[in-house]
Amino acid sequence: MNVNYMRRVFVMIASAFLLACGSHPEGVKQTVDSMPPIFPDYVGVTVPVNIAPLNFMIEGVEHLEAVFMRDGKELLSINSRKGVVDIPMAKWHDMLEANVGAALSVKVRAWGGDNPEGVEYAPFEIFVSPDKIDEWVSYRLIEPGYEGWLQMGIYQRELSSFNEEVLVDNSVNNMGCVNCHSFCAHSPETVMFHSRSDNGGTVFWQNGQLSKTNLATVGPKKQGTYPRWNPKGRYVAYSSNLTFQSFYAEGSRENETYDTASDLIIFDTETGKVLADERFNELSRWETYPEWSPDGEYIYFCSADSVKMPTDRRNLHYDLLRVKFDRNTMTLGEEVDTVYNTRLSGGSIGYPRISPDGQYLMYAKLAYGTFPVWHEESDMEMMRLSDGELVDVSPINSNDSESYHSWSSTSRWKVVASRRLDSRYARVYIAHVAEDGTCGRAFLLPQRNPMHNTWRLKSYNIPEFMTGKVSLPKERLIELLDAGTGRDSQDSKAARSVN
Amino acid sequence: MKKILLIQSLLLIPVVFVFWIVAYPETLQWMEEYSFFSTLPDFTHLQVRLPGDALRYLGAFVLQFYRWTWVAAALQTLFAWVVMALASYTLWRVVKKEKLMWAAFIPVAVFVSRQCLYRDLESSFVWVIAMALVAVAARLFVRRPLFAKYSDDNQPNHSHKGRKEASAPKRSRFALALIYVVIPAVLLGVGFYISATDLDCTFRERVHKVEHLAEEQKWEEILKFVTPEMVQSDAVMKRYAVLALLETDKLASRAFEYGVTTPDDFYFMERNEFIGIYFNSLLYKSLGVDDEVIHLMYLLNEHSRLGFSFRSLRAMADAYLRKGDILLAEKYLTILSNTTCHGSWLKPRWEQLAALKANPKPRPTEPSDVAIGEHGLHGQARLLNESLRLLEIYPTNKKIVDILCCGLLAIGDLQSFGKYFDKFAPQAYAGQKMPAYYEDALILYSYIDNTIYDRFPVRQSRLNDFKKFSQFMNSGQKARARQSAPTSYWAYMYCSTTY
């Protein structure tokens with residue numbers, strides 16, 4: 001066997017390997033005018049320059065080709081035999097950085113499924129915004145809206161990659177609940193969350209120190225529920241809610257989550273003092289979902305006349321009010337302004353959030369009630385604060401529930417939890433908001449494999465932008481929550497359930 | 001050593017295998033149902049965070065194969081065999097006395113006596129690892145080459161030790177049988193006896209048996225298995241018998257034979273452990289309330305050591321298929337397709353899903369007001385309240401009518417029975433024979449509303465029976481009255497000790 005023969009065999013094998021791995025069938029049988037039915041739908045979206053690769057797929061397709069172009073010039077071409085366009089990280093970031101402020105055209109060709117001989121779709125555009133997005137987003141992962149769970153946690157995701165890490169999970173508190181994470185002005189250095197377990201409380205991470213306060217045992221002895229950290233630090237506003245759930249037998253909604261009492265309190269993290277202004281702590285009105293103005297001078301909150309729940313649920317409408325807050329005296333002003341009056345405009349307001357530049361107020365608007373997550377009609381609505389006019393944010397909305405949302409530190413991006421994919425599991429969507437209030441189409445948080453959105457058995461809850469990664473000292477956290485046997489407790493919890 | 005091991009194996013393997021097949025076949029099946037394993041990244045990520053989690057993960061992997069009882073029994077046997085083989089090795093290594101090799105069955109007997117208590121395989125793996133560590137220690141620290149010594153045992157002139165053995169008198173067949181078979185068999189027998197008489201294990205086996213019969217809709221078999229005597233001391237069996245009566249249209253003619261005295265006997269009021277949760281899910285499935293089935297399956301997940309279980313995921317997939325929810329049915333089927341042993345289970349479901357896609361069911365557009373277990377509905381009447389609410393949306397559902405009417409009869413509320421029977425029976429029982437209890441109850445109700453016979457005629461023969469029953473009662477002959485109509489509602493109402 002001579003060397004030439006061996007070389008020929010090697011070349012043939014290598015060629016066959018390369019053909020099998022990287023090539024695609026020659027040409028396509030047809031060209032169509034329609035946009036490619038890609039999942040996730042990234043057609044016409046505006047993305048930040050530092051976003052992770054927008055990998056996508058077409059259901060039922062075996063072979064995909066995506067060509068990224070600008071002004072007819074090819075920038076990047078991806079061939080996939082597994083039906084998923086998996087864009088190399090470095091090439092993607094290089095491409096975006098070189099094309100900031102431009103529109104990329106993406107030509108997609110697909111083979112397989114209904115088009116075994118190939119189809120070329122009309123190219124679609126992706127706009128690369130010069131507005132950077134915060135590097136991280138945090139969210140809680142939990143079963144979608146039911147009472148029970150075993151594992152749950154608050155996670156943090158690096159937006160420029162697919163890296164997802166635990167911020168804190170319930171292995172530190174006997175598989176209890178960790179919820180309602182809040183950051184002071186998006187800072188990963190000033191964080192709070194609730195730990196609901198035998199030795200629970202509200203955990204604060206400030207100035208490199210971890211501490212825990214059980215709000216139910218101090219001052220007016222009211223448990224903190226929905227938090228908002230004053231952007232200037234020191235104070236955290238909470239609503240204190242008594243929450244229940246109803247599970248429906250049928251119909252378009254599986255669940256109604258509601259309060260039978262809710263009040264407003266403010267906690268001073270320096271002195272441990274709790275302010276419970278009696279005007280916002282009475283039975284006849286319920287207050288919830290506090291929010292601060294960017295200067296920390298006003299507190300906004302939702303408020304409704306109490307009704308008999310759950311029977312009168314359809315008559316429960318939350319207005320949006322605001323009241324001045326004096327940081328020096330820790331008191332609330334005399335005047336209470338109505339920012340959104342549901343008696344005039346209908347519906348019910350939840351999750352008010354003001355952009356850090358103070359220009360816009362975005363909130364979830366639902367037909368009635370207090371928990372947008374389960375209300376399929378819940379949409380984002382945005383008010384320009386300078387004149388109170390509503391701004392069209394329809395590109396963010398869908399036919400399903402849009403619920404929790406937050407602004408990026410630059411005010412140019414929104415992150416929104418939406419159930420639009422399957423009406424049950426909330427996922428994280430990101431949308432651009434221009435200075436004039438024009439919104440880009442919301443796009444699904446990119447995953448390395450888009451199927452991850454199907455495979456994941458947890459729902460995304462409370463997405464919040466962060467300017468950096470949170471690093472909590474786990475040992476100290478375990479010590480604080482006295483749950484050193486977290487994993488064992490998981491076993492014993494299961495054992496209890498068995499026995 | 002090899003010969004001994006062979007004899008011991010021949011004894012152990014068939015006996016342990018048959019024991020599992022005969023004593024705990026349902027428990028084996030349940031072990032798979034209670035577990036979950038998937039190759040999906042989320043599952044691995046959640047389950048393997050600490051080094052100790054590897055056993056849980058490995059156990060979950062193996063438990064997938066417990067889907068088939070004979071494979072499960074073989075694997076249970078394998079664990080016992082490995083324990084025995086390692087014990088034999090250690091013993092031989094340490095004492096090297098043929099006559100003491102029966103002692104290897106002591107740990108085996110302990111293991112098999114406890115094996116039924118292990119709900120997953122982690123404990124079995126711990127046994128195997130512990131025995132392996134002991135064997136390794138014996139290998140390292142006991143300085144006797146094993147196989148050489150074994151040879152010595154058979155060729156006594158090779159060493160001093162061998163000569164010593166050789167000089168011993170040759171053992172009789174009886175002695176050999178005693179050492180190799182009888183003593184090990186007795187030890188195993190003790191282990192099996194402890195296992196087979198364990199109250200917890202046998203209770204669970206009974207429960208899993210009726211669970212599986214209910215899943216397969218073998219209602220008559222449940223009624224054969226669960227006798228009226230059995231339900232006196234077993235609340236779980238009572239509820240399964242009641243469910244079987246409901247399914248076979250016999251609730252309104254035999255419920256009181258099975259010890260029903262309150263509507264609480266129809267289901268588990270407290271939904272905090274998996275037997276009750278699963279039963280309730282079967283009840284709601286029977287009533288056609290799939291949203292509650294799904295809700296309960298989420299709760300059931302909490303009781304699995306892995307946060308999810310095959311049982312709940314399969315039930316959810318089926319419930320979504322029944323509901324016609326294509327997206328969520330596809331999600332759960334996709335997740336289950338990433339497991340090892342669901343090929344044949346998935347095939348008909350994929351076909352069902354394809355049929356649904358071709359002919360989709362309209363999605364409900366309006367939320368319902370009928371909630372299950374809603375806050376405020378507590379106490380004995382909860383199921384009755386729920387039934388009434390459910391009849392608002394399913395007015396012709398005979399099973400719900402039966403639950404409501406039999407529940408009212410159980411507590412002797414004839415007034416309400418008459419009212420609701422009058423309202424719902426014409427549709428639910430249109431053109432059907434009236435069940436015995438209702439006929440009996442209507443005779444009593446006629447004393448409240450004498451026009452009831454105009455709408456619900458009662459047989460003259462039954463009126464005569466009641467006349468006879470009344471005569472005995474009026475003359476103080478309660479026993480004879482009961483004897484005259486022992487299975488009647490009148491006997492339950494006026495002669496039973498429980499009412």
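Quantities reported herein were computed from a predicted structural model and do not represent experimental measurements. In the text below, chain A, chain B and the rest are named by the order of the sequence lines, each starting its count at 1.
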Separation of [Y] [atom2] from [X] [atom1] (nearest 0.5 Å):
X: B:M297; Y: A:E143; atom1: CE; atom2: CD; answer: 14.0 Å
X: A:E376; Y: B:R363; atom1: CD; atom2: CZ; answer: 9.0 Å
X: B:R305; Y: A:L150; atom1: CZ; atom2: CG; answer: 9.5 Å
X: A:E250; Y: B:D369; atom1: CD; atom2: CG; answer: 10.0 Å
X: B:K323; Y: A:E254; atom1: NZ; atom2: CD; answer: 5.5 Å

At their closest point, which heavy atom of [X] faces which heavy atom of [Y], and how far apart are they?
X: B:E292; Y: A:F247; value: OE1-CB, 4.0 Å
X: A:S252; Y: B:P364; value: CB-O, 3.3 Å
X: A:Q151; Y: B:G307; value: OE1-CA, 4.0 Å
X: A:W455; Y: B:I335; value: O-CD1, 3.8 Å
X: B:L390; Y: A:A249; value: CD2-CB, 3.5 Å
X: B:K331; Y: A:T454; value: NZ-O, 2.8 Å

message = Could you check whether any side-chain heavy atom of A:E377 comes within less than 4.5 Å of a side-chain heavy atom of B:P367, counting everything from C-beta outward?
response =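 Not in contact.
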
Heavy-atom contact with chain B under 4.5 Å, split by part of [X]:
X: A:H375; value: neither
X: A:L421; value: backbone
X: A:N453; value: backbone

message = Run the ring-ring contact (aromatic ring centres under 6.0 Å, His included) test against B:F125 and tell me which residues pass, sequence neighbours left out.
response =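 If we apply the ring-ring contact (aromatic ring centres under 6.0 Å, His included) test to B:F125, skipping adjacent residues, the hits are B:F79.
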
request  = Would you please test B:T334 and A:M451 for side-chain contact (heavy atoms from CB on, under 4.5 Å) and show each step?
outcome  = CA-CA 10 Å; B:T334 304; A:M451 281 302 289; 3.6 Å; yes

inquiry  = Just checking A:R196: does its CZ atom have more than 12 heavy atoms from other residues, nucleotides or ligands closer to it than 6.0 angstrom?
reply    =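 Yes.
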
ask   = Would the number of heavy atoms belonging to other residues, nucleotides or ligands and lying under 6.0 Å from CD of A:E59 be above 12?
value =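 It does not: A:E59 CD has 12 such atoms or fewer within range.
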
query = Sequence neighbours excluded, which residues qualify as salt bridge (charged side-chain N to carboxylate O under 4.0 Å, His left out) partners of A:E62?
reply =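 So A:E62 forms no salt bridge (charged side-chain N to carboxylate O under 4.0 Å, His left out) with any residue.
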
task = Report the residues that fulfil salt bridge (charged side-chain N to carboxylate O under 4.0 Å, His left out) with A:D198, sequence neighbours left out, ordered by chain and then residue number.
result =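 For A:D198, no residue satisfies salt bridge (charged side-chain N to carboxylate O under 4.0 Å, His left out) once neighbours in sequence are set aside.
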
Largest heavy-atom contact set with chain A, pairs under 4.5 Å, which of B:V289, B:D325, B:D290, B:L328 =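 Option with the greatest count: B:L328.
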
message = side-chain contact (heavy atoms from CB on, under 4.5 Å), that's the test. Do A:N255 and B:H295 meet it? Break it down for me.
response = CA-CA 9 Å; A:N255 174 299; B:H295 169 212; over 6 Å; no

For chain A, which residues of residues 35-43 of chain B have heavy atoms nearer than 4.5 angstrom =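 At a heavy-atom separation under 4.5 Å, chain A is reached by B:L40, B:P41, B:D42.
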
Which portion of B:L313 sits near chain A, non-hydrogen atoms under 4.5 angstrom =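 Only the side chain of B:L313 comes within 4.5 Å of chain A.
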
query = Do the ring planes of A:Y425 and B:Y298 sit parallel (below 30°), tilted (30 to 60°) or perpendicular (above 60°)?
reply =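 Because their plane-to-plane angle lies in the 30° to 60° range, the rings of A:Y425 and B:Y298 count as tilted.
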
